[in-house]
Amino acid sequence: MSEQPRQQAPGAYNPGVIEPKWQKYWAEHKTFSVANPGDPGFDAGKPKHYVLDMFPYPSGAGLHVGHPLGYCATDIFCRYKRMKGFNVLHPMGFDAFGLPAEQHAIETGVHPVVTTKENINTYRTQLQMLGFSYDWDREVATCDPPYYRWTLWIFLQMFNSWFDEQADAQDETGRAYKGRARPIAELQSALERGAIGVDDALHLVRGGAADAGPRGLKSAARSRKWSELTEQERRKVIDNQRLAYLAEVPVNWCPALGTVLANEEVTADGLSDRGNHPVFRRPLRQWMLRITKYAERLLTDLDTLAWPEPIKLMQRNWIGRSEGADVDFPIATGGPGEPVVGDEQAWRDRRAADGLPSQPEEFTIRVYTTRPDTLFGATYMVLAPEHPLVNKITADEQREAVTAYVKTAIHKSELDRTADTKEKTGVFTGAYAINPVNGKRIPIWVADYVLMGYGTGAIMAVPAHDERDFEFAKEFDLPMVAVVQPPESWFHDAIQRVGLDADYCKRQGKPNLPEQMTKSATATAGILGGITAQDARAILDGDTGWVRQVALPIYAQDPGIFVETFCGEGTALNSAGFDGLSTGEFKARIAAWLQEKGLGRGTVNYKLRDWIFSRQKYWGEPFPVLHDPDGGTMGMDERDLPLELPEMEDFKPTPVADDSDALPEPPLGRAREWITVEREGKTFRHDANTMPQWAGSCWYYLRFCDPANPSEGWNKDVEKYWMPVDVYVGGAEHAVLHLMYARFWHKLLYDLGHASTIEPFGKLINQGMIQAFAYRDPRGVMVPTDKAVECDSGTFKHVDTGEPLNQVIAKISKSLKNVVRPDDVVTDFGADTFRMYEMFMGPIEASKPWNTRDVPGLYRLANKIWRLVVDEASGELSPALTDDQPDEALNRMLHKTIRKIGQDIEAFKFNTAIGQMFAFINCVTPLEKRPRSVIEMFVLLVSPFAPHLGEELWQRLGHDESLAYQPWPECDAELARDKEIEIAVQINGKVRTRLSMPADADDDALESAARSDPRITAALEGKTIRKVITVKGRLVNIVCGK
RNA sequence: GCCGGAGUGGCGGAAUUGGCAGACGCGCGGGAUUCAAAAUCCCGUCUGGGCAACCAGGUGAGGGUUCGAGUCCCUCCUCCGGCACCA
């Protein structure tokens, strides 16, 4: 640190002394511990406020200056709220399970428990050093058995619940909605009573992984009564409905980390969120949480939250609700390789004769589409490589090609499969389906541009009106039929911008058409045939008239001639009885029509997937279940919780090759004694997986309410008092991870009666990222900060090479060596200065660069505040302090400051609140006499920002008690009011002069004052006044002409 | 590609939501104090012209609405964040 402050005078401001003093005082007096309802000392007369920080993962590096940004904000807010008379719950804890500790253990052999404890101690020391007013009695760490006991307990609640989509439910305000979780026992009894049929219980919402589950059972148990099912079948029916369930699903397998990852933990590049290792798809039997059942509520309840709109939007996009239709496409009869049997008429006849929807379920392909209005344009179908029907329908002569394709597609990493090239690949299966709306036979392909994870894993392809299908059809020369007529402007645009597709025309026997078209109008006319040269000219000029006569017929006949496809809304075409309908009307009608014809139904679909909840790791919560030898799984008895992790020394995953089919064995699998449980002569096994990092943070805000409760996760009454969290502050990187998962758990707990609100977090504030300077060499390569040196006046050079460097703003990262630790700043300037600097940097939500150069400005502020009270030379109270009453001007400044700081804290605008402190200081410092009452109030105003300084000055001003619960100063609006204000006088919108006017001067007074001002009369000389606009308290604008 | 957010002095940022652009801080320049320095205090600091009062221009670029635009509308550029073959 270049600028070392020094203390000389005995009474000089010395944060190195006063800060530890007050931190000790707060700890000893438990100043910030807050009582729960029912506890001694609880004050029921006060309103509550629950202010929560996103608790940190205690990494080995300790806090850097980015972490405390949000913590400073909430601390100021909490201190303010206490002074405003609230019971404030402000806890802190540690999200302590997770990969890095385990990685570290593998590298160093130090047990995660040890490193985690050490890191937590470091974090706690750093946080206390910054003077945050947490209630440390409520500290929790998610890796402590007394904590994760209840994480397991919540898991058991999920395991022992099902989601009843028909159930009536209401939120805490009484608003009614459908669908909620219920105990699984209620499903069982309903099945026994026959209140729910087996078929209903088997009806599984798509998107749940169980959909791909026991297909055999599905048809075997279908249409049978509960009493007719075997015990095993019954158990499968029940297990299929649990909100926590086991399923074999394609997962994101990361060999380098030796674990499976959630979709949310895999980046767009197909790399692991943590560590950037490649991730592969492979099927594994996994614990899943049925978050998809909550998709609708997670979506609609966003509207009730005071969250930043961009975060809500990210969640909406992640949930990805869309409306469309499911349509069943029968597989063509006669079987693969056999002669074509069905044509349109034959198919219709058969349907009519049978009065039935075509074929048994096993021989239809169900697709989901958001554009059922384009059904008549479906000219082929595509199955995802993982689709279960691929194998069944593939014709013998295509089998080899299909198998090879499927194999490579499935083993492709996410990276390859979503690579930017997006070149379409695929293989024909040899089989055909019947387009159910017109009976046309259409080929069925397999292609990896269709994803098993979305919709039904199969699509109807409408190349004329879908970009991907269009590309695919062009690649493989599949037929296209236009069924939506685009608006005229589209034709102009398409032809002018991208023209016609030369290659396509060549392949289709229309050689060089676009090339020649552009040459001359006559050539165009010749090529298109049947149109005049004039029309052709019009096409080239992009004139309007030609669309209906020329462009549309070409398009209707073969949309492939155009380079682009039309995916927008228009008017139906080539769609039998639906021709002429707008896309909207068509969509509205077709759902009912499909249903009536037994071909499909309107559906809602979500992108949200069920949550893959197992990790093949040691350092996480173990699953509170027992697997029996028959393959069944039962939840542990709640009384046996917690299930503690076994002692282990080696956490390495069993190595498995990237593309091997061998199952990876998690470290827990090697803890033989722990994992096997003998009971009633049978050998049960615990699960070798653990829960993902997010589990513990899904409910920590509930434990904070009642952290020491030994017999429950939290007491219901206490929860009811504190919840919901009123203000939640943390980084935007959790927009779709933690914030979605926690909402899901909370809703589930609400359904089961363990939580009293449908949402856990009321107001959410996303703190911005603190960045730091970094340096870029002439080639654009980033250079670590310690390799850069400042030359004269703002230019930088490389230490070794001497090359000039550009100073840029970058993320704080170890590799750039631009990490700034708060410890150094606290050592040099004190925590109060650190806090005020972070708050003064800019708006809390904005990203902004740390600049150590700016810190002394806030240190100066702290010193100036100090000197208002203390005489530096003697260490006594400043002789300028008097018992006089403040004059009018000083009172105005004081009350304006009270108002501004209070308003700004409420609005989380701490930067401008500190700006006001500067203004106050600049006003008061020069005064020779400073009324003590005014200074005392100011000390209170400053104290949330600089609490150590505040307490010390408060004490020196003669108060025995901490100021933490002193009433916040009240603003007297009358005293704060300006009597005289400056009015701008404009001529034609340009300020010509300023007048001092009484604050309450009316429009007439303003206008006449403006008109009589000599400068204005001079400027208006020879001009006619057209209009005069007056804005009370602001300005007068005189509009005039020559 | 799609969806968000943001572009204001040398730097961080203000601007009562359509009303005096650049508050406040940093930095820089000048001065006071000091044997000297640190610390502290005072003055100046958007750009161009003028000794000055003052004049002209100015909020990423271009257009528009308005008495008046950093703020609202249209087109475009740049940076940051999210999603990405989602049928």
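In what follows, every chain begins at residue 1, and chains take the letters A, B, ... in the order their sequences are listed. Note that this is a predicted model, so its numbers are computed, not measured.
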With the side chain of [X] defined as its heavy atoms from C-beta on, choose the nearest nucleotide among [options].
X: P843(A); options: A14(B), A87(B), C85(B); result: A14(B)
X: W318(A); options: C11(B), C83(B), G19(B); result: C83(B)
X: T370(A); options: G10(B), C55(B), A87(B); result: A87(B)
X: M314(A); options: C41(B), G82(B), G57(B); result: G82(B)

NZ/NE/NH1/NH2 to OD/OE distance under 4.0 Å, K848(A) and E838(A):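 No, K848(A) and E838(A) are not salt-bridged.
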Electrostatic pair K424(A):E471(A) at N-O distance under 4.0 angstrom: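 Yes, charged N to carboxylate O under 4.0 Å.
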Whole angstrom value for the distance that separates C1' of C83(B) from CD of E733(A):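 Taking CD of E733(A) and C1' of C83(B), I get 17 Å after rounding.
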So what does [X] hit on the nucleic acid, given a heavy-atom distance under 4.0 Å: a base, only sugar-phosphate, or nothing?
X: N911(A); value: sugar-phosphate
X: K900(A); value: nothing
X: F918(A); value: sugar-phosphate
X: T925(A); value: nothing
X: E309(A); value: nothing

Residue closer to the 5' end of RNA chain B, Y606(A) versus A919(A) (nearest nucleotide):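 Result: A919(A).
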5' priority, RNA chain B, between P310(A) and G842(A) [closest heavy atom]: P310(A)
W866(A) side-chain N/O to E872(A) backbone N/O, donor-acceptor pair under 3.5 Å: no
Donor-acceptor contact present, side-chain T292(A) to main-chain R609(A), <3.5 Å: no
Can you tell me the pairing partner of [N] across any strand shown, Watson-Crick or G-U wobble, with both distances under 3.5 angstrom?
N: A32(B); result: U40(B)
N: G27(B); result: U45(B)
N: A21(B); result: none
N: A53(B); result: none
N: U66(B); result: none
N: U16(B); result: none
N: A6(B); result: U78(B)

Among V825(A), T852(A), D832(A), N851(A), side chain to side chain contact (heavy atoms under 4.5 Å, CB included) partner for Y837(A): N851(A)
State whether [X] places a side-chain N or O below 4.0 Å from either non-bridging phosphate oxygen (OP1 or OP2) of [N].
X: R860(A); N: C26(B); value: yes
X: R316(A); N: C83(B); value: no
X: Y368(A); N: A87(B); value: no
X: K848(A); N: C26(B); value: no

For U17(B), glycosidic torsion class - syn if within 90° of 0, otherwise anti: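 Syn conformation for U17(B).
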Return the polar atom pairs (N/O with N/O) between nucleotides 45-51 of chain B and the protein under 3.5 Å, or none.
none

Criterion side chain to side chain donor-acceptor pair (under 3.5 Å) on Y13(A) and T833(A), from CA distance to verdict: CA-CA 12 Å; Y13(A) 172 56; T833(A) 295; 4.6 Å; no
Inter-nucleotide P distance (A37(B), G10(B)), Å rounded: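 Roughly 31 Å separates the two P atoms.
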Inter-nucleotide C1' distance (A15(B), G4(B)), Å rounded: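 It works out to 25 Å between them.
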Exceeds 12 heavy-atom contacts within 6.0 angstrom, atom CD of E845(A):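 Atom CD in E845(A) is crowded, with more than 12 foreign heavy atoms closer than 6.0 Å.
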Candidate list F476(A), Y454(A), F472(A), test ring-ring contact (aromatic ring centres under 6.0 Å, His included), partner Y449(A), passing option: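 Per the ring-ring contact (aromatic ring centres under 6.0 Å, His included) rule, the option paired with Y449(A) is F472(A), out of F476(A), Y454(A), F472(A).
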